[in-house]
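All values below come from the heavy atoms of this structure, side chains included, with hydrogens, waters and symmetry mates left out.
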Amino acid sequence: MSTDCYVSPLSERYASKEMQYIFSPDMKFRTWRRLWIALAETEKELGLKDADGNPRISDEQIEELKAHAEDINYDVAKAREKEVRHDVMSHVYAYGRQCPKAAEIIHLGATSCYVGDNTDIIIMTEGLRLVKKKVVNVISELSGFARKYKDLPTLAFTHFQPAQPTTVGKRATLWMQELVMDLEDLEHVLSNMKLLGSKGTTGTQASFLELFENDEEACKKADRMIAEKMGFQACFPVSGQTYSRKLDTRVCNVLAGIAASAHKFSNDIRLLQHLKEVEEPFEKSQIGSSAMAYKRNPMRSERISSLSRYVIIDALNPAITSATQWFERTLDDSANKRLSVAEAFLTIDGVLDLYLNVVDGLVVYDKVITKRLMSELPFMATENIMMDAVKAGGNRQELHEKIRTLSMQAGRNVKEKGLDNNLLELIAADEEFPMTLEELQKTMEPSRYVGRAPSQVTEFLDEVIQPILDENKELLGIKAEISV
């Protein structure tokens, strides 16, 4: 590794090799060659003629192009670009050096955006497919966690203040539901990905209309055929020189949505780890602090939060770029989009690997969970206690005021004096409540206060999650590898 120049932490620390390859130069330039082959095949199949009325493109030329689709002569392209300062024409030249018979028909009628923009769309599509795979696997891991702990009562929080109990599994369904919403958005965008096609310098297809001697039907067919050869259903029906940069906005907004869901999950885990109820994985030799040897910092969850914020903010780049394009094209998009789009994908890839790794190794401390719940449960049981007293002949308004007063007294004992919650003892000692301490303690069964949480978990997993997992079963089974 070079140590005397900047190296992106996305490639060194966070993004997977699989996502890095999708955004690699090799993927980009191999796709250029596939697009040139698709263009030549399409032009031949549509009967493109030369000036003498003979077929303009031969099978032999196409076979020569296919023979060198993978073995890119990067050294020739690099040397040529130093001379001409144009990356597309440098690669046209390099490809032509390998394919002398086909050199004259490479890129025939096309603009740089034919390979550049179509490749960007293909790469984003592949990136979205990998993101989908990882989101589905995170949902799968969370579903196992939720089912395992669907019945374990835990103290719920609103405003991070103790609230009515839920279960550990029910809380996990909240994380899953947000990912399900993200998956719906992702699938919508994926199903609507279209290629630019072969639109020419201002989107009018003028050069192709000239090539095909004013045959408009051939021009229309060319787009459809190129799309099919590249694995797409269609091309954008209209464009300028480039595809609308709104597509980049749409794609990165989906990634930002996933980042927001991951950030929410990671914050919850960080808070739960502070409460010592749930911990992210902590390896045997892992060091939590250089000064405090006892510490077990939630560093993976913190990293999820950190990287997720980057994706959320980065989504502004494509939106602003889209908003500031001029007429049929301007070039102030190029430098920005090659950074912002690639980094959004590489970063969310790292986020999802961390998310999967954390969920796969979550540690639940049920005794701590129960202890904290039981310390607050008397407050939550007061409504049931009050109703039982009303059934025994008490006045509801008077009992409500008495419960409120005793609750405040018990709260002061806990917060001001550091004592245990003695609300049950206070109620048992009050003559307006016809219940003994033993009877009151029997009401302290946590499962009585979680409502439908266990059933909600089962229903959600069976009715919402399982169909998703069944539909995407070929994507399941990956394990996340994290570098640090």
Side-chain angles (χ1 to χ4, degrees), residues 14-16 130-150 152 154-160 163 166-186 253-282 296-315 344 347-365 369 453 456-457 460-461 464-465 468-469 476 478-482:
Y14 305 134
S16 68
L130 180 55
V131 169
K132 177 182 175 179
K133 181 178 182 179
K134 294 190 175 186
V135 168
V136 168
N137 275 272
V138 172
I139 291 172
S140 178
E141 286 290 339
L142 280 172
S143 70
F145 179 86
R147 199 176 292 278
K148 181 176 180 180
Y149 294 105
K150 69 183 178 69
L152 179 58
T154 188
L155 187 62
F157 295 94
T158 57
H159 317 278
F160 202 32
T166 184
T167 69
V168 172
K170 173 62 191 299
R171 181 174 281 147
T173 66
L174 305 184
W175 302 328
M176 270 188 284
Q177 182 164 259
E178 295 198 345
L179 289 175
V180 169
M181 295 168 70
D182 296 325
L183 185 61
E184 290 168 349
D185 292 344
L186 194 159
N253 280 342
V254 169
L255 304 184
I258 296 168
S261 300
H263 197 295
K264 200 276 186 197
F265 161 81
S266 68
N267 274 358
D268 284 355
I269 296 300
R270 291 163 68 189
L271 293 169
L272 288 168
Q273 186 150 332
H274 166 77
L275 297 173
K276 296 181 173 62
E277 292 188 5
V278 179
E279 280 188 349
E280 68 172 38
F282 195 90
R296 292 168 67 95
N297 297 333
M299 66 89 172
R300 298 176 208 206
S301 297
E302 290 172 327
R303 191 180 302 162
I304 291 173
S305 298
S306 182
L307 293 174
S308 293
R309 286 200 300 274
Y310 183 86
V311 179
I312 293 166
I313 297 301
D314 185 56
T347 308
I348 201 64
D349 182 68
V351 167
L352 288 170
D353 279 351
L354 286 162
Y355 200 154
L356 188 58
N357 178 268
V358 169
V359 176
D360 188 43
L362 281 177
V363 181
V364 175
Y365 295 108
I369 290 171
Q456 287 178 332
V457 174
F460 181 71
L461 294 179
V464 178
I465 299 301
I468 291 172
L469 300 182
L476 297 174
I478 66 171
K479 293 291 182 182
E481 295 288 336
I482 59 173

For residues 138-149, please give each side-chain donor-acceptor pair under 3.5 Å, one per line with the distance, not counting sequence neighbours.
{"residue": "S143", "atom": "OG", "partner": "S140", "partner atom": "O", "Å": "2.6"}
{"residue": "R147", "atom": "NH2", "partner": "D462", "partner atom": "OD1", "Å": "3.1"}

Check side chain to side chain donor-acceptor pair (under 3.5 Å) between [X] and all other residues, then give those that pass, not counting sequence neighbours.
| X | result |
| --- | --- |
| K264 | D268 |
| T347 | none |
| S301 | E280 |
| Q456 | K170 |

Indicate the atoms forming the closest heavy-atom contact of [X] with [Y], along with that distance.
| X | Y | result |
| --- | --- | --- |
| R270 | P298 | CG-CG, 4.0 Å |
| R300 | P281 | NE-O, 3.8 Å |
| F157 | R171 | CD1-NH2, 4.0 Å |
| S16 | D353 | CB-OD2, 3.7 Å |
| V311 | A344 | CG2-O, 4.2 Å |

With heavy-atom distances below 4.5 Å as the criterion, would you say the side chains of [X] and [Y] are in contact?
| X | Y | result |
| --- | --- | --- |
| E279 | Y365 | yes |
| R303 | Y14 | yes |
| V351 | I258 | no |
| L354 | L307 | yes |
| V131 | D349 | no |
| K150 | L461 | no |
| L179 | Y355 | yes |
| L476 | N137 | yes |

Euclidean distance, [Y] [atom2] relative to [X] [atom1], rounded to 0.5 Å:
| X | Y | atom1 | atom2 | answer |
| --- | --- | --- | --- | --- |
| L130 | I348 | CG | CD1 | 11.5 Å |
| F160 | L271 | CZ | CG | 4.5 Å |
| L352 | I478 | CG | CD1 | 8.5 Å |
| L356 | K134 | CG | NZ | 8.5 Å |
| I304 | S261 | CD1 | OG | 12.0 Å |
| I465 | M176 | CD1 | CE | 5.0 Å |

Sole residue of S305, S306, S308 in side chain to side chain donor-acceptor pair (under 3.5 Å) with S266 = S305
L272: which of N267, V168, V278, V364 passes side-chain contact (heavy atoms from CB on, under 4.5 Å) |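 Of the listed options, the one satisfying the test is V278.
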Sequence-distant partners of K132, side chain to side chain contact (heavy atoms under 4.5 Å, CB included), two or more places apart | V136, L183, L186, E187, L190, N472, L475
Would you please test E178 and F265 for side-chain contact (heavy atoms from CB on, under 4.5 Å) and show each step?
-> CA-CA 10 Å; E178 295 198 345; F265 161 81; over 6 Å; no
